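Every chain is numbered from 1 and lettered A, B, ... according to where its sequence line falls, protein lines coming before strand lines. What you are looking at is a predicted structure, and each value in this text was computed from that prediction instead of being measured.
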Amino acid sequence: MELSLTAEQTAFRDEVHAFLKESLPEDIKHTQTSGGHLSKEQHQRWHKILGDKGWSTPLWPLEHGGTGWSPVEYAVFDEECYRMGAPRVLPFSVSMLGPVLINFGNDEQRKRFLPGIRSGEDWWAQGFSEPGAGSDLASLKTSAVRDGDHYVVNGQKTWTTLGQHGDWIFCLVRTDASAAKPQIGISFILIDMRDPGVEVRPIITLDGSHEVNEVWFTDVRVPAENLVGQENMGWTYAKFLLQNERIGIAGIGQSKEQLVSLRRLASAEKKNGKPLIEDPSFRAKLSEVEIELRALDLTNKRMLVETERGMDPGPVSSMLKIRGSEVAQRLFELKMDAAGLYALPFQPEAGDAGWNDQLAGTLAQARSAPHYLNTRKISIFGGSNEIQRSIVSKMMLGF
Amino acid sequence: MELSLTAEQTAFRDEVHAFLKESLPEDIKHTQTSGGHLSKEQHQRWHKILGDKGWSTPLWPLEHGGTGWSPVEYAVFDEECYRMGAPRVLPFSVSMLGPVLINFGNDEQRKRFLPGIRSGEDWWAQGFSEPGAGSDLASLKTSAVRDGDHYVVNGQKTWTTLGQHGDWIFCLVRTDASAAKPQIGISFILIDMRDPGVEVRPIITLDGSHEVNEVWFTDVRVPAENLVGQENMGWTYAKFLLQNERIGIAGIGQSKEQLVSLRRLASAEKKNGKPLIEDPSFRAKLSEVEIELRALDLTNKRMLVETERGMDPGPVSSMLKIRGSEVAQRLFELKMDAAGLYALPFQPEAGDAGWNDQLAGTLAQARSAPHYLNTRKISIFGGSNEIQRSIVSKMMLGF
Amino acid sequence: MNFDYSEEQKMLVQSLERTLAKTYDFETYRSQLATKSSHDPALWNSLAELGIMAMSLPEAAGGFDGNHTDIALISAELGRRLVPEPFVSNVVLSAFVLNACGGDSAAEQLGEIATGERKFAVGFYEPGERHNPLALSTKAEKTADGWSITGHKAVVLGGDTASELIISADAGGASLFMIPADSDGLTVRKYQLLDGRGAADLIFDNVSVGADALLGQAGQAEAIILDAVDRGAAALVADSLGAIEEIIDMTKEYLRTRTQFGRPIGSFQVLAHRMVDLLVDYEQAKSMSMEASVEADNEDAATRQKAISACKAKVGAVSRKFGKESIQMHGGIGMTDEYALGAYVKRLLVNETMFGDTDYHLERYSSL
Amino acid sequence: MNFDYSEEQKMLVQSLERTLAKTYDFETYRSQLATKSSHDPALWNSLAELGIMAMSLPEAAGGFDGNHTDIALISAELGRRLVPEPFVSNVVLSAFVLNACGGDSAAEQLGEIATGERKFAVGFYEPGERHNPLALSTKAEKTADGWSITGHKAVVLGGDTASELIISADAGGASLFMIPADSDGLTVRKYQLLDGRGAADLIFDNVSVGADALLGQAGQAEAIILDAVDRGAAALVADSLGAIEEIIDMTKEYLRTRTQFGRPIGSFQVLAHRMVDLLVDYEQAKSMSMEASVEADNEDAATRQKAISACKAKVGAVSRKFGKESIQMHGGIGMTDEYALGAYVKRLLVNETMFGDTDYHLERYSSL
């Protein structure tokens, strides 16, 4: 047993560090570390820089542009990114769609779409959830009816993250309404969001930010060649996609970054004339979450290694998502509490690029409550923690 | 709104206080406040003293020997008992069986049994749970088959608290095995434990104490006149009995007594050279449970008053039991933690009357872990907290 | 011992309920937020006409000589409807301070509060000293014809709408001053809080005021400050209870009607049982809120502080749990701005944090 | 970075597993408890023959020069089988102290530990000073031909079976002494702990010992004490992990097979989801336990202490939760002495509390 990095892994970390130091644009780093929202241009610029380096799709098979990194190397990369203030590439194209196209798409589709994913030129959105189909994803209603060499799509998707920037959206649609079980009769299809009949409507979340959207489809004509895999087999691909998320799902890098920023805030705040971070009751809470994160970091690496060796990945990703989201939410909560009274003024624009009005409190204080509120979502979206628990209990208890 | 006691209520409290001061035997007080086990003789002696005063069955109707106290007066009495170190009368005869006999028994049964309950001369045990019927009480299997003017009882009851002292046991038995639903076909019957075929076997609990028992029935012949109410209607009486428990179910008096004893222990223990009770982290935990108990005390009184005015008693007793057990368990847990290393030596006899061996640590330390372990039962027995939550959710959510 | 409200109290609440039900629903709230103001004069006037500002004030000032249980009842209704108007800053804090300090103009000013025609706000807290209302860096120096004040007051509730600002400053010990909002050298940095209520930071740079700006005696204000904060805390706790009751209704309804996997989500045991725990917590919080509303008027400071801190800590912890759990149970819809739940969760966050957060009160309780 | 055990380690554990499976089941454990002794010479000898005492000891003393991951593996098996034998007090604490202090007889004594033929115990803690191993009231005064020791050592693990007692005493600073258990003036008050392991209180009343009773240098023992305690803590944490794994198996099995309301109780969602949370907690505890077993040998005290405290605090909290939840899920049967669950819960309680409880380590972690 050896829990330190090997010499090779240390060298790899140094390589990542050197690359990020040289290549990460200052403005992107600043937006990222101050808790602001990256603009579309910032997202795409950074994606392209990584893509040019060959690091935008590290977990793909080598022949499609992957790096061949081990899970531990990926974790090292992930952490170094957060340590240096580098954003993560959005998961929709790289971690979700890409593996599906590689495994279930055809050559034509791979040739057409993988380059735009690697470079970040194509902005992909995810079209799974619907108003009536949240946790119960299989009850989705958006329909795709075959009409010659097209499908005609009608319906509504929701919670589409950053769909306002989208060029393309991959959707689950119902192609056979008469199927015996709701899981049957679903297909996986790619829709150009610039086509007529596609409308994106913003959803403002309770923290005042515009991150998610509704996407409406009215008689949208989608070429049949945009169907991925076989018709009515979409549920299989969707399950593959969701299980495939386990690497990075615990959010270790992000939580380590938040821990640093929490410590910074608590050092600046005062209690009884001394820095808050020296207060015994605050320290105990800080230590608890710090220890939980320390454990999660090791658990994450250990489980990824075990998965590589054949352990069932199903419960692993769910377990990591459950505890990872709890740790992240706790960190944001402590940050809000540490911010004190200045968590209360509501200045949601304060995180936007270019906002230059006068703040009540510091930017870290101003962003603390919106961040707390915003991160309530991480135990809801992408399969709520209740759903994750049911997945684990099904696999490990049989119920 | 007036949250203090009225002048009448204060006078009543003083009356209770004066009576206890005069009448509570020193040895009983000592066993009770040192966390020991009362002997059968001590239980019965105290029951008789209360009975002679007319206070052993305070909540019964006046004509059967009740006192006519209001719920708040009963709460005042209960608290004063704990403040003075007086034991509570065991609930099996007084709170459980008595009201059933009064409401559903016949005159003959009332004449025969109520006096022995009031005086405490008859020791009653409860025979509800069975090995296969814990939370799912209605699945009980003990059978009573009519044979002339007797029932012949066969089967096994378990978790019978202090059944080793029992003269009588009231049981739920199955009188109709063919009934459509398990709740139907159950009868409520009184069995003389001194009859042939009744065998009591001790269950030692994980804290090393003998408090609960198995009671086995082999061809026990019970006179038919010992059937309470109608045959096959026992489930109705059992539900009545369980709902009837709400007064006192929150265990306020006992928890207040434990809080005092926890403070005493934490004042004697040292941490970093100062009394543990001055340690900020311990104080925060102490304050949290103290505040929870303060709230529970008011909630208890408020709900009892509301129940008197017609609020549905069902969710009330369940809610009080849930939170009351949580508070009590937390107090015992803090006590064990406060006891430090001297919680670890296992000296289960240390609480028994007459035990005079040399202790490691103080008696309070020695009893702390067994008490912690023993009180895990209070969220299990008498309808687990899970069952209580289901009762409340059924009533308040409809599920 | 009884837990009942008087007939007068019940009538007042009923008329307030009726008025708000008619004039102030969630859409009204959202439109008001869109105006970037915490205050709607028409609404404020109609509330004043109901007598809710006057209820707890002394008869001499045109009030009805009520007590803090009146305040609690009114606050609960305002919380239940998300009303952002500056009730607490005027009727609870300012009125208490003015009444306690006496002085020539107190009766007149209390009268103006009772009718709602003039607005005041009270600022004790300062940046960088968290929840301690007695930590005082703001200085008042004696000048030839009055005082010169320099300092910074943080997140002053109602500071955005008040024409008169009552603040604490060090003038040989904690002292209270009343200063017009338009004074030279005073910057009033206005904003809205998470839930739409208004506040301001007040920055005093050698602000000159007359000798009559001093309220009460110089250096003697500590007891009044602590008392005022306790009353503010008790009012916000009641406000939270109103909000929590609304959250309970919304969540129960959602659990009953939202279906997933072909059944109402409330029929999933984990959600049902968590809802039960919330209901028990609510009953506990309600009991503490009742006690706080009675003890807020207690003249024995130690008894009052102990009850208020117990209540603020308990209701704070319960509020936090309600916020998290109700959003989680709602799922995605609970995350959206156009659904009312989020607004209630934010109202609770403000109430938790103002006048001492949960940790502050837990520690104060421990030290008493 | 890898999480693997060596082939030697796997073989050792397998043979230990096999031996215990054959010779030591729950009924054996209960019979041993009934004898009121923590020690069965036959079992002890068979464990010694497997080499588990020698595994981590230096080659010079007949050991295999192993490290703390060996200790952790062995401890986990002993915890899994509830073995009360004094492994940790001898092989972890005493062996470490003897090795660290050197001295003429150290090699011989380590050899006796490796074969199991002589038993030692180490006592640092004292009554009334909770979990601080450096709080020292016991005094050692210099006499003409040695030392005179007076004081009280609390809850000394293995103190009931040891013939030699190693204790800390103040001799111009923390110092270590080895004293025969049958010395005049020494009272050894023996008892068993909650789970059947043995311990004793040691009361020294002017106990005279020779000059050679001093281990190492007078006044220089603090670092050794802290290091020894950390190793003891790491061993008990591994012991807890073994017990927790057994609790998981029992509880999963019970959830699958116990029926109520006509279905297995594990099919009730609240129980299933709580079991999942326990499984996640177990994985977290396991990771920390692995880290502790590696870091226990770290020569950098700050790094070692931080890792040990993180682990002891985390595993302590998880153990407490496992104890409560597993009993609750079992219901009545979990409360009984004749069902194994309670014994595991008690084993966890002892492990949690010895060598610093959760609070102690959380505070130490915070201060590092």
Side-chain angles (χ1 to χ4, degrees), chain A residues 129 131-139 158-159 182 203-210 212 268-273 276 279 281-282 285 329 333 336-348 358-362 365 369-370 372-374 376-377 379-381 384-387 389-390, chain C residues 33 125-132 135 154-157 189-197 199-201 258-263 265 268 270-271 274 320 323-324 327-339 341-343 345-346 349-350 352-355 357-360 362-363:
Chain A
S129 293
S135 291
D136 181 12
L137 193 54
S139 70
T158 192
W159 315 127
I203 299 174
I204 306 301
T205 44
L206 78 171
D207 59 314
S209 67
H210 173 205
V212 285
E269 284 289 311
K270 291 257 186 317
K271 178 173 167 185
N272 302 328
L276 176 62
D279 177 66
S281 128
F282 180 80
K285 291 177 195 162
Q329 289 181 333
E333 182 178 20
M336 177 174 71
D337 288 338
L341 281 176
Y342 281 114
L344 301 183
F346 189 53
Q347 305 155 96
Q358 196 159 30
L359 275 176
T362 63
Q365 289 175 315
Y372 165 78
L373 292 164
N374 183 278
R376 303 319 306 165
K377 76 182 176 199
S379 51
I380 296 173
F381 291 164
S384 71
N385 280 10
E386 288 78 17
I387 292 290
R389 287 193 183 90
S390 290
Chain C
L33 285 203
Y125 297 94
E126 301 194 355
E129 258 304 336
R130 299 189 73 70
H131 302 290
N132 178 4
V155 197
V156 175
L157 194 63
R189 202 184 288 162
K190 304 175 182 187
Y191 44 79
Q192 283 178 276
L193 303 178
L194 293 169
D195 68 320
R197 273 175 288 183
D201 269 37
R258 165 77 169 177
T259 60
Q260 294 276 276
F261 306 101
R263 37 194 272 218
I265 59 172
F268 289 95
V270 290
L271 297 187
R274 274 154 60 186
R320 186 63 64 88
K324 292 176 189 170
I327 291 177
Q328 185 71 24
M329 291 193 194
H330 273 83
I333 186 76
M335 288 295 300
T336 64
D337 195 49
E338 64 177 26
Y339 187 71
L341 181 63
V345 171
K346 290 185 272 189
L349 281 180
V350 172
E352 276 177 50
T353 310
M354 279 269 162
F355 306 130
D357 70 358
T358 301
D359 278 356
Y360 171 84
L362 199 58
E363 284 180 22

Worked check of side chain to side chain contact (heavy atoms under 4.5 Å, CB included) between C:D201 and A:Y342:
CA-CA 10 Å; C:D201 269 37; A:Y342 281 114; 2.4 Å; yes

May I ask you to say whether C:K324 pairs ionically with A:E333, meaning some side-chain N is under 4.0 Å from a carboxylate O?
yes

Does some side-chain heavy atom of A:L341 sit less than 4.5 Å from a side-chain heavy atom of C:F355?
no

Can you find a side-chain donor-acceptor pair between A:S379 and C:Q328 that sits under 3.5 Å?
yes

On a heavy-atom basis, which atom in A:F381 and which in C:G332 lie closest, and how many Å separate them?
CE2-CA, 3.8 Å

Please tell me if the side chains of A:E386 and C:R274 come closer than 4.5 Å, counting only heavy atoms from C-beta onward.
yes

Please state whether the side chain, the backbone, both or neither of C:E352 comes within less than 4.5 Å of a heavy atom of chain A.
neither

Where does C:R258 contact chain A at under 4.5 Å (heavy atoms): side chain, backbone, both or neither?
side chain

Taken to the nearest 0.5 Å, the spacing of C:F268 CZ from A:S135 OG works out to 8.5 Å

Hey, what do you get for CG (A:L359) to CZ (C:R189), rounding to the nearest 0.5 Å?
8.5 Å

Under 4.5 Å to a heavy atom of chain C? For A:P182 that would be neither

Cut-off 4.5 Å, heavy atoms of chain A, and the answer for C:Q192 is backbone

Assert top hit (heavy-atom pairs under 4.5 Å, partner chain C, pool A:S129, A:A339, A:G361, A:G134) equals A:G134

Which pair of non-hydrogen atoms, one from A:M336 and one from C:L349, has the smallest distance, and what is that distance?
CE-CD2, 3.6 Å

Atom of A:L373, atom of C:M335 and distance for their closest heavy-atom approach:
O-CE, 3.5 Å

Quick one: what part of C:A154 sits under 4.5 Å from any heavy atom of chain A, side chain, backbone, both or neither?
both

Decide yes or no for C:T336 and A:W159: does some side-chain heavy atom of the first lie under 4.5 Å from some side-chain heavy atom of the second?
yes

Cation-pi check for A:Y372 against C:R320: NZ or CZ below 6.0 Å from the six-membered ring centre and within 45 degrees of the axis, yes or no?
yes

Under 4.5 Å from any heavy atom of chain C, what part of A:A343 do you find: side chain, backbone, both or neither?
backbone

For A:L137, is it the side chain, the backbone, both, or neither that has a heavy atom closer than 4.5 Å to a heavy atom of chain C?
neither

Within-4.5 Å side-chain heavy-atom neighbours: C:L194 and A:F346
yes

Given heavy-atom pairs under 4.5 angstrom as the criterion, report whether the side chain, backbone, both or neither of A:A133 touches chain C.
backbone

Ignoring hydrogens and angles, tell me if any N or O in the side chain of A:D136 forms a donor-acceptor pair with the backbone of C:F261 under 3.5 Å.
yes

Largest heavy-atom contact set with chain A, pairs under 4.5 Å, which of C:H330, C:R197, C:E363:
C:E363

Between A:K270 and C:E126, does any NZ, NE, NH1 or NH2 come within less than 4.0 Å of an OD or OE carboxylate oxygen?
no

Below 4.5 Å, heavy-atom pairs only: which of C:D337, C:L362, C:V155 has the largest tally toward chain A?
C:D337

Identify whether the distance between the nearest side-chain nitrogen and carboxylate oxygen of C:D359 and A:K271 falls below 4.0 Å.
no

Would you mind checking if A:D337 and C:R130 are paired as a salt bridge, meaning a charged N to carboxylate O distance below 4.0 Å?
no

Side chain, backbone, both or neither: which part of A:L344 has a non-hydrogen atom closer than 4.5 Å to chain C?
both

